[in-house]
Structures are given as structure tokens and as C-alpha cells.
Amino acid sequence: MEIPADLRYTPEDEWLRLEADGTATVGITDYAQGQLGDIVFVELPDLGRTIEAGQPFGVVESVKAVSDLFMPVSGEIVARNDALEQSSELVNQSPYADGWIARIRPSDPAQVEALMTADAYRAQLPADAE
Amino acid sequence: MTLTTEDVGARLAFDRGTPGRRGVGVPRWTGEPTPLPDAHLLRESVRLPELSQNEVIRYYGALSRRNYSIDTGTYPLGSCTMKYNPKVNDLIASLEGFAHAHPLAQPEHLQGILRVLHELQGYLGEITGLAAVSLAAAAGAHGELAGILMIKRALERRGDLAQRRRVLVPDSAHGTNPATAAMAGFTVQELKSGPDGCVDLDALEAALGDDVAAFMITLPNTLGLWERDIQRIVQRVHEAGAYVYGDGANLNAILGRMRFGDLGFDVVHLNPHKTFGTPHGGGGPGAGPVCATPELAPFLPAPVVTEADGWYTQFRPDDSIGRMQQFHGSVGVLLRAYAYIRTIGREGLAETSGNAVLNANYLRTLMEAHFDLPYDRRVMHEVVFSGNRQKRQNGIRTYDIAKRIIDHGLHPPTVYFPLIVEEALMIEPTEAESRESIELLAQAFIEVAEEAARDPDALHAAPQTAPIGRMDETEASRHPVIRWQPRPE
């Protein structure tokens, strides 16, 4: 199970990466995609939508379950990974790169700092998580 | 792998017969032909199967022999309560006076049916302790929607609706609960369960506020566990000015022993196909009675049957949320539920829940050495194991175990629900199974667990004895083909 050290995490198993242009990319973790199993559908947020931290911004559906996606920080949606509409398996194959879900312009950069580090995220997963 | 119709073992109706063959001889029209106006034609022509009556009967006969049903074997599908459907229920429902009644007949010609429906309302009111009953809804989830709409109307009438927009739902709930609340226009907030699998009082406390409309709770919960703090939960929700909505899906665990109304619930829906042995599915609508307190009675969905001086009529409550479907509800299903209740009576209902709990705990005891039990305590009507041990030690997932169970001639259990249990494997033997069939069921699971350690590949390849092997469910979900396609020439 991969937990890249340069990303930030939430207890709901989302990751966030701060980009050079001040936006932040969001997706679900390797652990989350493993728990969900084969993902068959991703509902993406509308561009320009403003979302509060902790609010649902989309849905992932796997053969086992349907789960809400929760936005780690407040802000405006500036991009979304439209490739997932045809190829939802990218979330399984490449959760931290090709399987990214949306990009947001954070309204309060301090919220990014408050998210978990990779070590903190790993520590709160079940002991036998793989 | 591409499945062809031959692999299925039974060619589809479209691939049978021969052009021009007919099942019914239609007399030739001898009058002046009048062409249909082109604007009203949907399409040029439509390809239909061309079969004789004999071929049609054999086709459906072949398909029906592929069915697995409660009448063919043990059906341990957790959360679904696949229990025996007593045949006397069908006999009662097919009596001519019931089966041939016309929905538009006048009340004087429907007194018998109306009386039965009125008595059923009374029984359900007594069973739940919530005396205001409507039989109008067409399914459990439909009854759920009716119940939440009643709460919405009650909030509207007391001037609270604009403020109370949140509905709280535990993370172990049936998916219909959040769907119902969302459909009724509320915002859903999920509550994390505590480490014991029950509602976490602190989480509930933190979520309650003057903007909460209702708390939806299943009792016993979907893990098959009794909510130990239920009285405190109800009290706190009421103190916060919100309503307690009860999902009655698991009533078979407490039937005749505990009543939602006595616990302080405001409204519940029931699932007659789970609790009262009416058929699951069967090609027609089901029923989802709602039972409520006197406070919510004015909002019940119409119609409700009432009696005065021995005369039965249907009426629309003063401030009803309206109709949930046409006519009188799913009378055929309601008659079967009535027959079930009358056949076994008050003592029989209590015995039913006793057997449901006994059977589930017997099964838990037989299997607990072989599978992880995330919530290791006495259960109610069903038990949720985890396939985590097999996953860790043998690289086997719950999905593989379920598929291998098919090779033992049994229906698989429910898998991956409730969502809060990893590799969930949920078994509900139901009150209708004998001691011997529960032992056989446990034996099958134990053999599969042993095989997982010895020969994991056999599980990956399962099922091997079914007409169709392992299906590609991912591909089917990503690229569903939902109608017949002609085969390439």
C-alpha cells in the first residue's frame, strides 16, 4: 500500500497535493481504492462550484459500495478529471496520478496545513491495513 | 471472456424458433385496411421472437429450472430474511372473493377485503405499538419515504421545517435510509458507529441540534446487534426536538417481544416480505405499511380503512401527505401478511422471533472458530462475519467464499454489507430453517474456510458446478449491455 510522503490526507481517505500555481489536486488513497474494489463509476463535481471543507463533492461507485467524496479544504473547483467518465479504473490503477479526481483553488491555505501528514494518515489506518 | 448464449445453456427466446412461426393463430382481417398514420409509428418494425406455444413453455420451463429459490434450498442472504413463504398465504390470497375483486368496485361490494385490511391495520398497530397505520405504500423503501414525508409535514405544521433540514443516519444503515431522506429534500448526515457496532452516543450528541429533523435507526441494527442505548437515544433525539424514524426491516428479531411504540419511536415502516413471509419480488409491487403515533396520524398516506357500526370505508386523513400509489395498496401482498399473522397468532409471532435469534446464534457458535467476528457478542436475527482472516492468510476474499458456497448447492450469503465491516460476510439463517439445515449451512462455510487454506485456487475458480462460471461483474457494471443484441452474422 502506497502513501506518498509529499501529500496531505483526511480521515475519509482523500489525499491532497498543493500545486505550484496555488491550486490543490484531490483524489482517494491507495488504501481507499483497495477497500472499495473495482471502481465502476465516478461522479465529478461541476467546474466553478464552491465547496466547504468536509462537504461531499462527488461519488465513487465500486462493485461493492457507493461512497461520497469529501473535499479536504474549502474552495472553488477549477478542474476535474474527465477521463474518469470513460475510464474509472484509473482510480484503481493510479490513485495518486492518472486517477486524480478534481482540482480546487483553496480559499484558506491554513486548512491545507491542518490536514494529516503521510505518517499521521498511516498511523490511523487499521493495524493490518495493506 | 465473452459469454455466448450457448454458454448460458439456454438460448434466449430471440435465438429460437423460425421466421413466420406463431404461438397464436390470429384470424385474418377481411375488412378494408386502414393504414396507421405515419406520425404515430415509433419505428419501422420490431424484431420479436417467433415461437410456437410449445417452444415458449419449454423455454420458460428451462429458465425456471435454473432458479434458486427459498422453495429449493437454504437461502442465507443476510439482511434479506429469505424465509419460508407458507403456501396457505397464497391459498387465502387467491380466494375468488379477494382475487377477483375489482379496484373500482363500490364499497358495498368490497366489505370483506376492507374488513381484512382494517384488521391488518389493527394487528400491525398492536405489533408495533404505533396504532395509526396506513397500508398504502408499495414497498419497504416506499413506506420509508411515506414516513419521512409525514415527519416533514409535521415539522411544516409546527413551523419548524425551514430550520430543521438535517436527517441523521448511522453509517451501518440500509442504503435506502439516506436515499429516502435525500429524496424527501433533507440533508443527510452520516453518524459513525461506535467500536461496539452500535450508535455512538457522543457522536449522536455532537450531531443533534435545533436544525435536525429526524434520526433514522434500524432496530436491531444491520449488524444484527441490539442497540443497548436505545432508550437514551430516543430520549436525546426527542429532547432536541427531532423525530425518531424506525426502519422496521429487522422486526423479525423482536416480533411479539418488543414494540417500537413502547420505546418511543414516532413512525416506522414494515417489510411484510421479511417479517410476515410474503414473497420477495415475484414480478409485482410489494407493500410497506407505515405505523405512527397519534401525533403523526393526520399525515398518514391515503387511503386508510376505517370502521363504523360494522361498515368499512376508506378515507383520506385530514392532512394526509397524499397517495403513494393508485387504488388500495398492494392488496395481494397484504392478504398474505394477514394470513401469516392469523395462522400463527400472538404466541406464534413471539416464537418466530425467538427462533430467528436462536438460529442466528447457533450458526454464530458453529462458525466462530473459522471466521473473524468483528463484533463478538450475542446477536439477534443475523450474524456478520469478516473474511479478513482468509484474505490475510490465504489471499482469498469474501467474494471468493461466496462464489464457492454456490458449489455446495447453497445460495451465497450477503457480502460487503454493512459497509463498516471489512470483507463482510453476512448470514441470516432465518426462523424458518431447521437445526439440521443450519448445521449443513455451517458445515459448508467451514469446508470452504478449510479449503481456502488448502487450495485457494479452487476458490478463485468458483463456482465450478453452476451453469455459468465466475461472472465479470466489473465489466458488467462499467459497460452494461441491458438489451438483447443480434449476433453478428
Side-chain angles (χ1 to χ4, degrees), chain A residues 1 10-14 28-44 49-71 81-95 98-99 124-130, chain B residues 79 165-166 169 171-179 181-182 187-192 195 203 206-207 222 372 374 386-400 402-403 412 414-426 470-480:
Chain A
M1 180 180 55
T10 71
E12 285 80 31
D13 305 301
E14 277 94 18
I28 67 168
T29 65
D30 193 15
Y31 172 74
Q33 69 80 19
Q35 287 293 305
L36 285 164
D38 288 337
I39 288 164
V40 296
F41 178 71
V42 182
E43 187 183 296
L44 298 164
R49 208 179 119 195
T50 307
I51 295 174
E52 293 294 310
Q55 290 303 304
F57 71 97
V59 174
V60 279
E61 184 176 340
S62 76
V63 288
K64 294 196 295 199
V66 180
S67 303
D68 281 333
L69 294 162
F70 297 98
M71 189 50 83
N81 188 358
D82 287 321
L84 300 182
E85 293 199 334
Q86 286 307 312
S87 308
S88 54
E89 64 273 17
L90 290 173
V91 178
N92 293 115
Q93 292 163 358
S94 172
D98 296 342
Q124 52 92 60
L125 290 178
D128 59 352
E130 50 188 63
Chain B
S79 190
R165 303 305 310 167
R166 274 192 300 142
V169 181
D171 58 4
S172 61
H174 295 115
T176 50
N177 290 180
T187 307
V188 180
Q189 184 178 345
E190 193 177 279
L191 289 190
K192 269 204 187 320
T222 59
D372 284 356
S386 164
N388 257 350
R389 187 186 311 175
Q390 285 71 23
K391 183 181 164 191
R392 216 169 36 242
Q393 295 177 356
N394 317 121
I396 290 295
R397 307 196 69 149
T398 288
Y399 188 72
D400 303 309
K403 292 297 177 193
T414 292
V415 294
Y416 303 110
F417 180 83
L419 302 177
I420 60 174
V421 173
E422 286 186 21
E423 297 295 317
L425 195 158
M426 183 189 208
R470 184 74 67 101
M471 305 288 277
D472 187 346
E473 294 182 17
T474 304
E475 179 62 17
S477 300
R478 284 180 182 154
H479 303 111

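Just so it is clear: chains get the letters A, B, ... in the order the sequence lines come, proteins before strands, and each one is counted from 1. Reckoned from all heavy atoms, side chains included, excluding hydrogens, waters and symmetry mates.
In this structure, chain B has no heavy atom under 4.5 Å from any part of Glu61(A). Interface residue Glu423(B): only side-chain heavy atoms are found under 4.5 Å from chain A.
Of all the heavy atoms in Leu419(B) and Lys64(A), the pair that sits closest is CD2-O, 4.4 Å. The shortest non-hydrogen separation linking Asp38(A) to Thr474(B) is OD2-OG1, 2.6 Å. The two residues Pro126(A) and Glu422(B) come nearest to each other via the heavy atoms CG-OE2, 3.8 Å.
Without hydrogens or angle criteria, Arg478(B) side chain to Ser87(A) main chain gives no donor-acceptor distance under 3.5 Å.
The environment of CD in Gln93(A) is crowded: more than 12 heavy-atom neighbours from other residues, nucleotides or ligands sit within 6.0 Å. For Gln86(A), the CD atom is loosely surrounded, since the number of other residues' heavy atoms within 6.0 Å does not exceed 12.
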